[in-house]
Amino acid sequence: MHGSTDKKRVLIAACLTGGFMIAEALGGILTGSLALLADAGHMLADSIALGLAWYAFHLAGRPATGRLTYGFGRVKTLVAYTNGIAIFVIALWIVYEAWGRLQAPAPVLGGPMLVVATLGLLVNIGSFFVLHGGDRESLNMRGAILHVLGDLFGSAAAIVAALVILATGWTPIDPILSVLVSLLILYTAWSLMSEAAHVLLEGVPPSLDRDLIARDIEATVVGVREVHHMHVWSLDGTSNMATLHACLEESVDAYQAVSAVKKRLASEHGISHATVESEFGQCADDGDDHDDHDHGHEHDAAAHHDHHH
């Protein structure tokens, strides 16, 4: 349900941001303000990023195929990671440009700058509230919100710079505030990128502990003697998956034990899709190290196993 409303929210924000970006770029050129140009640069990248985020939601709705057996869910995470890189590049460009401005201060028209920056702030507040009602768990949605938040801070900084220039005529405030906004955006972009990278590297979701889950299954599911070769990952930051080997007692019904493991994973640990290989006695992959075992074949098993997201 969240997916379709998030898709609409991102499209509205993309249109608002893209539309005002042109006005702000012209305002920055006419007034000579780096803070406005910096914010317009943010808004240009953001309208592209929001467009990509919209397309990612659009793709994610497509069913899985014979080639892409998990569907397009991870496109959203890939876009979130790409967004983080884009924000990084823009922020570094602003810092570089600001350094040049501090060496040779340029004249800035405070009055027109204040008008454009105030209008920019209103547009960005509108975009922020449109996106804020969406799914905060989605990395793609958080990436989109992060872009708009960066624009919002950029507009606020431009307003402060314009007021200082109007009151004192001190133009270095313009590049100084541009750099402060860039540093804040760099920090938030880094956290988004590291989270998206963790998903792409199939790391265990932060809310889960693989070893604790394995011990929990051994302790609570009747007939399970040992759990090993366990891998836990997330498809898109929200849908959790697992593969594992369950070593069973000799007298246990394999089907019932596997069903019980899957139910336990779903109800207690939020793992919506699991592939469980039951074993009696020796492990079929004996000789491999349990924890460092490559799980390529388990992914194949998971791919062939019928699943629903």
Side-chain angles (χ1 to χ4, degrees), residues 60 63-78 80-81 135 137-140 194-309:
T65 67
R67 296 281 292 165
L68 291 164
T69 53
Y70 281 127
F72 294 81
R74 200 166 271 189
V75 172
K76 291 184 286 185
T77 310
L78 199 57
Y81 186 77
D135 180 13
E137 292 296 303
S138 163
L139 275 175
N140 191 33
S194 59
E195 275 188 63
H198 190 75
V199 172
L200 293 172
L201 289 168
E202 301 199 333
V204 177
S207 59
L208 301 175
D209 183 321
R210 181 196 67 167
D211 296 339
L212 274 178
I213 294 168
R215 301 298 80 83
D216 173 64
I217 291 167
E218 289 169 356
T220 59
V221 179
V222 178
V224 175
R225 193 157 49 80
E226 188 204 349
V227 169
H228 56 260
H229 285 349
M230 185 168 191
H231 300 274
V232 181
W233 73 101
S234 176
L235 194 63
D236 55 6
T238 54
S239 176
N240 298 327
M241 318 187 87
T243 59
L244 62 101
H245 289 197
C247 193
L248 308 177
E249 305 286 357
E250 289 301 327
S251 57
V252 172
D253 180 283
Y255 174 77
Q256 286 186 340
V258 168
S259 295
V261 168
K262 290 190 174 201
K263 279 177 190 160
R264 182 75 185 173
L265 288 170
S267 62
E268 293 300 314
H269 303 290
I271 295 172
S272 55
H273 171 66
T275 302
V276 181
E277 187 174 318
S278 58
E279 297 169 346
F280 293 94
Q282 195 178 12
C283 174
D285 299 311
D286 217 19
D288 292 332
D289 180 72
H290 285 178
D291 283 345
D292 296 326
H293 172 64
D294 180 270
H295 63 295
H297 79 282
E298 291 167 332
H299 266 188
D300 292 340
H304 290 298
H305 184 84
D306 179 41
H307 65 284
H308 307 278
H309 305 308

Response to the item:
salt bridge (charged side-chain N to carboxylate O under 4.0 Å, His left out) filter on Arg215, not counting sequence neighbours, yields Glu218
Worksheet item: Which heavy atom in Ala214 sits nearest to a heavy atom in Met230, and how many Å separate them?
Response: CB-SD, 3.9 Å
Worksheet, complete the sentence: Residues Ser234 and Val199: closest non-hydrogen pair is O-CG1, 3.7 Å
Discussion item. For Glu268, give me all partners under side chain to side chain donor-acceptor pair (under 3.5 Å), at least two apart in sequence or on another chain.
Written reply: none
Worksheet item: Do Val261 and Val227 touch side chain to side chain, with heavy atoms closer than 4.5 Å?
Response: no
Response to the item:
Residue set satisfying side chain to side chain donor-acceptor pair (under 3.5 Å) with Gln282, at least two apart, ordered chain then number -> Asp286
Practice prompt. Answer yes or no: is there a donor N or O on one side and an acceptor on the other, between the side chain of His231 and the main chain of Met241, under 3.5 Å?
Written response: no
Worksheet, complete the sentence: Heavy-atom closest pair (Asn240 atom, Pro205 atom, distance to 0.1 Å) is OD1-CG, 3.4 Å
Worksheet entry | Validation row: Ile271, Ile213 side chains within 4.5 angstrom (heavy atoms) | yes
Worksheet item: For Glu279, which residues count as a side chain to side chain donor-acceptor pair (under 3.5 Å) partner, sequence neighbours excluded?
Response: His228, His245
Worksheet item: Do Val252 and Val222 have side-chain heavy atoms sitting under 4.5 Å apart?
Response: no
Discussion item. Would the distance check show the side chain of Ser278 and the main-chain N or O of Ala246 forming a donor-acceptor pair, the cut-off being under 3.5 Å?
Written reply: no
Worksheet item: How many angstroms lie between atom CG of Leu265 and atom CD1 of Ile217, to the nearest 0.5 angstrom?
Response: 4.0 Å
Practice prompt. Begin with the C-alpha distance, continue with both residues' side-chain angles, and end with the deciding distance and a verdict on side chain to side chain contact (heavy atoms under 4.5 Å, CB included) for Leu200 and Leu78.
Written response: CA-CA 8 Å; Leu200 293 172; Leu78 199 57; 4.1 Å; yes
Discussion item. Going by the rule side chain to side chain donor-acceptor pair (under 3.5 Å), which residues pair with Asp216 if we only count those two or more places apart in sequence or in a different chain?
Written reply: Arg264, His269
Item to complete: Hey, could you give me each pair passing salt bridge (charged side-chain N to carboxylate O under 4.0 Å, His left out) that has a residue in residues 64-74? Not counting sequence neighbours.
Response: Arg74-Glu202
Fill in: Closest non-hydrogen atom pair, Tyr70 against Ala64
C-CB, 4.2 Å
